[in-house]
Amino acid sequence: MRISPSLVVCFVLVLGASGGTAGQEGQTVPDLTVPPDAEMFVGTEVCERTYFGSEIIEEVNYIVEHFSCTTETTDPRASGIEELDVYSRRGGASSVLPWVAVGEFSTEGGSWRGRAEGMVDVRGVSPLGERGAPFNYGEMTYAGEGAYEGLVMHYYFAGGNDVTGVAGWIAHAPE
């Protein structure tokens with residue numbers, strides 16, 4: 001059976017026009033956030049809370065915590081000591097609180113400075129968490145300093161206040 005070139009072009013145009021995925025006609029899949037030059041890593045982070053208190057900032061009540069973490073990953077540039085100041089916004093009856101953090105990350109080869117944000121389930125009722133222990137979800141973005149100047153490290157994490165799993169990438173900073 002011979003298929004005419006005009007039929008093939010018509011078929012391609014019809015399929016291309018739908019651009020969708022199953023059940024999502026007319027929608028296209030967005031680009032990945034991960035840059036093409038990214039080098040991926042996975043690992044764990046073991047943290048110790050060294051400060052716990054509260055503070056009112058711009059008329060908002062926050063839980064304020066400091067964590068010192070030892071991070072081990074598959075990339076030595078993402079393995080080292082991380083110092084984080086975490087601000088969880090109090091309010092409402094929910095046991096889930098939004099938070100932001102600022103951090104410094106030091107490795108044998110260089111350092112990083114950045115910001116994180118996420119949510120914490122303070123009661124630990126997640127199916128992954130231990131009931132009664134906080135369970136965190138979030139993402140961190142660090143800009144490289146010194147030997148890492150011009151690089152960005154981005155990772156996602158989930159876990160308790162003591163141990164979390166991390167997965168992310170290091171890439172050249174966008175210009």
Side-chain angles (χ1 to χ4, degrees), residues 32-35 38-92 94-174:
L32 286 173
T33 311
V34 181
E39 296 180 45
M40 278 56 94
F41 62 85
V42 295
T44 57
E45 188 169 66
V46 177
C47 299
E48 177 185 355
R49 185 172 63 185
T50 59
Y51 174 79
F52 179 81
S54 64
E55 193 174 324
I56 305 243
I57 302 170
E58 297 179 5
E59 300 181 25
V60 178
N61 192 0
Y62 289 91
I63 297 169
V64 180
E65 301 169 282
H66 181 85
F67 290 91
S68 292
C69 306
T70 301
T71 306
E72 295 292 331
T73 75
T74 55
D75 188 322
R77 299 170 299 172
S79 297
I81 304 298
E82 187 172 19
E83 299 292 331
L84 292 167
D85 290 320
V86 181
Y87 302 84
S88 302
R89 186 175 66 217
R90 289 183 171 179
S94 175
S95 70
V96 179
L97 305 175
W99 57 262
V100 297
V102 291
E104 295 179 13
F105 195 112
S106 301
T107 73
E108 287 187 23
S111 60
W112 305 90
R113 194 176 301 270
R115 183 179 188 280
E117 61 183 83
M119 303 294 286
V120 59
D121 174 358
V122 296
R123 293 189 187 132
V125 294
S126 154
L128 303 173
E130 184 178 321
R131 187 167 295 283
F135 197 84
N136 298 283
Y137 306 87
E139 66 180 307
M140 182 80 195
T141 301
Y142 278 115
E145 297 181 338
Y148 300 147
E149 186 78 31
L151 296 176
V152 173
M153 175 171 55
H154 188 93
Y155 65 84
Y156 302 100
F157 58 93
N161 277 355
D162 53 352
V163 178
T164 60
V166 300
W169 66 88
I170 295 174
H172 288 93

field: Minimum side-chain heavy-atom gap Phe41-Arg77 below 4.5 Å
entry: no
- prompt: Which heavy-atom pair separates Trp169 from Pro35 by the least distance, and what is that distance?
  reply: NE1-CD, 3.2 Å
query: Considering only heavy atoms from C-beta outward, does the side chain of Glu45 approach that of Phe67 to under 4.5 Å?
result: no
task: Could you list the residues that satisfy side-chain contact (heavy atoms from CB on, under 4.5 Å) with Val60, not counting sequence neighbours?
output: Tyr62, Arg89
task: For Val42 and Ala167, work out which heavy atoms get closest and say how close.
output: CG1-CB, 4.0 Å
field: Heavy-atom pair of closest approach, residues Ser79 and Thr73
entry: OG-N, 2.9 Å
- request: Indicate whether the side chain of Ser106 and that of Ser111 have a donor and an acceptor atom separated by less than 3.5 Å.
  value: no
- line: Rounded to the nearest 0.5 Å, the OG1 atom of Thr164 sits from the CG atom of Asp162 at a distance of 9.0 Å
Side-chain donor/acceptor of Trp99 to backbone N/O of Met119, under 3.5 Å: yes
message: List the residues meeting salt bridge (charged side-chain N to carboxylate O under 4.0 Å, His left out) with Glu117, not counting sequence neighbours, and say none if there are none.
response: Arg115
Heavy-atom pair with the smallest gap, counting every atom of Leu84 and Gly103: CD2-CA, 3.7 Å
Non-neighbouring partners of Glu83 that pass salt bridge (charged side-chain N to carboxylate O under 4.0 Å, His left out), sequence neighbours left out: none
task: For Arg113, enumerate each residue passing the salt bridge (charged side-chain N to carboxylate O under 4.0 Å, His left out) test, keeping only those at least two apart in sequence or located in another chain.
output: Glu104, Glu145
- prompt: Does Met140 reach the side chain of Trp112, with side-chain heavy atoms less than 4.5 Å apart?
  reply: no
- request: Check side-chain hydrogen bond (donor to acceptor under 3.5 Å, both in side chains) between Ser54 and all other residues, then give those that pass, not counting sequence neighbours.
  value: none
- line: Smallest heavy-atom separation, Ala147 atom then Gly110 atom, equals CB-CA, 4.5 Å
query: What pairs with Val122 under side-chain contact (heavy atoms from CB on, under 4.5 Å), at least two apart in sequence or on another chain?
result: Ser95, Leu97, Val120
field: Partners meeting side-chain hydrogen bond (donor to acceptor under 3.5 Å, both in side chains) with Asp85 (sequence neighbours left out)
entry: His66
task: State, yes or no, whether a side-chain contact exists between Glu72 and Thr70 at a heavy-atom distance under 4.5 Å.
output: yes
message: With rounding to the nearest 0.5 angstrom, report the OH to CG distance, Tyr155 to Asp75.
response: 13.0 Å
query: With Thr44, which residues qualify under side-chain contact (heavy atoms from CB on, under 4.5 Å), at least two apart?
result: none
- prompt: So how far is it from Phe105 CZ to Glu82 CD, rounded to the nearest 0.5 Å?
  reply: 5.5 Å
query: If every non-hydrogen atom of Ser68 is compared with every non-hydrogen atom of Thr50, which pair is closest and at what distance?
result: OG-CG2, 4.1 Å
- request: Output all residues satisfying side-chain hydrogen bond (donor to acceptor under 3.5 Å, both in side chains) with His172, sequence neighbours left out; order by chain, then residue number.
  value: Asp37
task: Please list all pairs passing the salt bridge (charged side-chain N to carboxylate O under 4.0 Å, His left out) test where one or both residues lie in residues 47-64, with sequence neighbours left out.
output: Arg49-Glu65
- request: Could you walk me through whether Val34 and Met40 pass side chain to side chain contact (heavy atoms under 4.5 Å, CB included), step by step?
  value: CA-CA 9 Å; Val34 181; Met40 278 56 94; 4.0 Å; yes
message: The criterion is side-chain hydrogen bond (donor to acceptor under 3.5 Å, both in side chains); which residues satisfy it with Tyr148, sequence neighbours excluded?
response: Thr107
